[in-house]
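Step one of this worksheet: look at the structure below.
In each ligand, atom 1 is the first atom listed, and ligand 1 is the first ligand listed. Each residue takes its place number in the sequence, starting with 1.
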Amino acid sequence: MKKILVTWWAWFIWSHLCKKLLDEWNEVICLDNLFTWNKKNIENLVSNPAFTFVLHDVTQPFWAQVDEIYNLACPASPIHYQKNPVETIKTSLLWAINMLELALKVKARILQSSTSEVYGDPTVHPQPETYRWNVNINWIRSCYDEWKRAAETLFMDYHRQYWVDIRIIRIFNTYWPNMHPADWRVVSNFIMQALQNKDITIYWDGSQTRSFQYVDDLIRGMTLMMNNDKWFIWPVNIWTEYEFTIKELAEKVIELIPWCTSKIIYEDLPSDDPKQRRANNKLAKEMLWWEPSIKLEDGIEKTIEYFRNQLLQQQLGFSVKRDIIKWVTLYNMMKIVNAERIVDI
Ligand code: UDP
């Protein structure tokens, strides 16, 4: 049994990681500053005595004797991280430094979840780890891209200078059940729109591409990287090679929801939106024997199921609330009517 620290944002993927670590009989401590928060995602974890949640201002140092640290913290949805770019870059970098200092002090292994965004708007396809980027340091996505790039440098330097036992993975467009319904990323947007028969909003003409990965494949790759003892520490793409256009994704979502009558509409492309993304995952296959196993259809179906239940619960909640309001109003009206009667008499 290991003691593992996970720094996270509660709505994010990490509830799936914590669940896996707890299922493997580890003790898990989670740190969060509640920047993007919903307590629902930890409700089923807190009952486990091996799970501890710590609310902590992550710009301040943190101490705990742990064996491993997964540093996963940072909102990853462009709309979320662009809402407060200064907070995004400042907090995330200070957080990374605090976690590296902790790893150094307690001799823990530390994994950094980096991102495809470090490649910018790539000019080489598929992108191997050795690709030297096509980035713009001044674009509106830079608050996210640049902290992730700086974090990779910091991790490598802590390793070269202090021998901190690091691991770095680069992750890409991942989707999962219990995503935030207002996450504003493409998978959750399309599913929410299609389930409610609203227009499906494709930005640009939908020919831009992404490779979508289901959360279970990512978590497997992440834990394989953490647990590899070969001193394989270099950044590795944990990513599926299957590339889809955004239009294909929209069509797939519509196809998987038989009652959907949504139509596709086209809107402007957000500034600096990368046109093509496809990973080269040869290194992960060779070094970790990792390969994605979940097909887009299967993952999307599970995610649709989750959002559908959420919507049903919401509607049920609304109709119960509506009924209560109706009855309270009726009761109050009856009181008024009765009062008038009494006066009449
Ligand atoms: N996108 C879209 N409609 C939406 C949301 C996103 O067409 O409702 C596009 C977006 O412009 C981008 C791609 O889908 O080209 C993936 O966007 P997302 O925000 O999910 O992730 P990114 O890879 O850009 O970080």
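- Counting only heavy atoms of the protein, atom 19 (O) of ligand 1 lies nearest to R185 CG, 3.4 Å.
- Residues K252 and E255 are paired through a salt bridge, judged by an N-O separation under 4.0 Å between the basic side chain and the carboxylate.
- Distance from atom 5 (C) of ligand 1 to its nearest protein heavy atom, with residue and atom name: Y203 CE1, 3.3 Å.
- At a threshold of 4.0 Å, the pair K148-D145 does not count as salt-bridged, since none of the basic side-chain nitrogens sits closer than that to a carboxylate oxygen.
- For the residues I264, D273, T201, the heavy atom positioned nearest atom 11 (O) of ligand 1 is part of D273.
- Contacts of P270 with ligand 1, taken as heavy-atom pairs under 4.0 Å, involve the side chain alone.
- No heavy atom of K275 sits closer than 4.0 Å to any atom of ligand 1.
- Between Q193 and ligand 1, not a single N/O pair is under 3.5 Å apart.
- The pair E152-R149 does not meet the salt-bridge criterion, since no charged nitrogen lies less than 4.0 angstrom from a carboxylate oxygen.
- For the pair K247 and W204, the cation does not sit on the ring face, since its NZ or CZ is not both under 6.0 Å from the ring centre and inside 45° of the axis.
- Salt bridge status for R109 with E68: absent, with no side-chain N to carboxylate O gap under 4.0 Å.
- A donor-acceptor pair under 3.5 Å is absent between the side-chain atoms of T245 and the main chain of T209, judged by distance alone.
- Taking 4.0 Å as the cut-off between side-chain N and carboxylate O, D199 and K263 count as a salt-bridged pair.
- Looking only at heavy atoms of the protein, atom 13 (C) of ligand 1 is closest to I246 CD1, 3.6 Å.
- A salt bridge is defined here as a Lys NZ or Arg NE, NH1 or NH2 lying under 4.0 Å from an Asp or Glu carboxylate O, and K105 with E101 fails to meet this definition.
- Salt-bridge annotation for K285 and E241: present, with a side-chain N of the basic residue lying under 4.0 Å from a carboxylate O of the acidic one.
- For atom 22 (P) of ligand 1, the closest non-hydrogen atom on the protein side is R141 NH2, 3.4 Å.
- Looking at ligand 1, you'll find an N or O of R210 within less than 3.5 Å of one of its N or O atoms.
- Residue V186 places at least one N or O, backbone or side chain, under 3.5 Å from an N or O of ligand 1.
- Every atom of ligand 1 with a heavy atom of Q208 under 4.0 Å away is listed here by number and element: 9 (C), 11 (O), 15 (O).
- Distances from ligand 1 to the non-hydrogen atoms of F190 include at least one value under 4.0 Å.
- At a heavy-atom cutoff of 4.0 Å, ligand 1 is contacted by the side chain of N173 but not by its backbone.
- Taking every non-hydrogen atom of E117 and a distance limit under 4.0 Å, the qualifying atoms of ligand 1 come out as 25 (O).
- Shortest contact from atom 8 (O) of ligand 1 to any protein heavy atom: N189 ND2, 2.8 Å.
- Taking a cut-off of under 4.0 Å to the non-hydrogen atoms of I202, the atoms of ligand 1 that pass are 7 (O).
- Salt bridge status for D23 with K19: present, with a side-chain N to carboxylate O gap under 4.0 Å.
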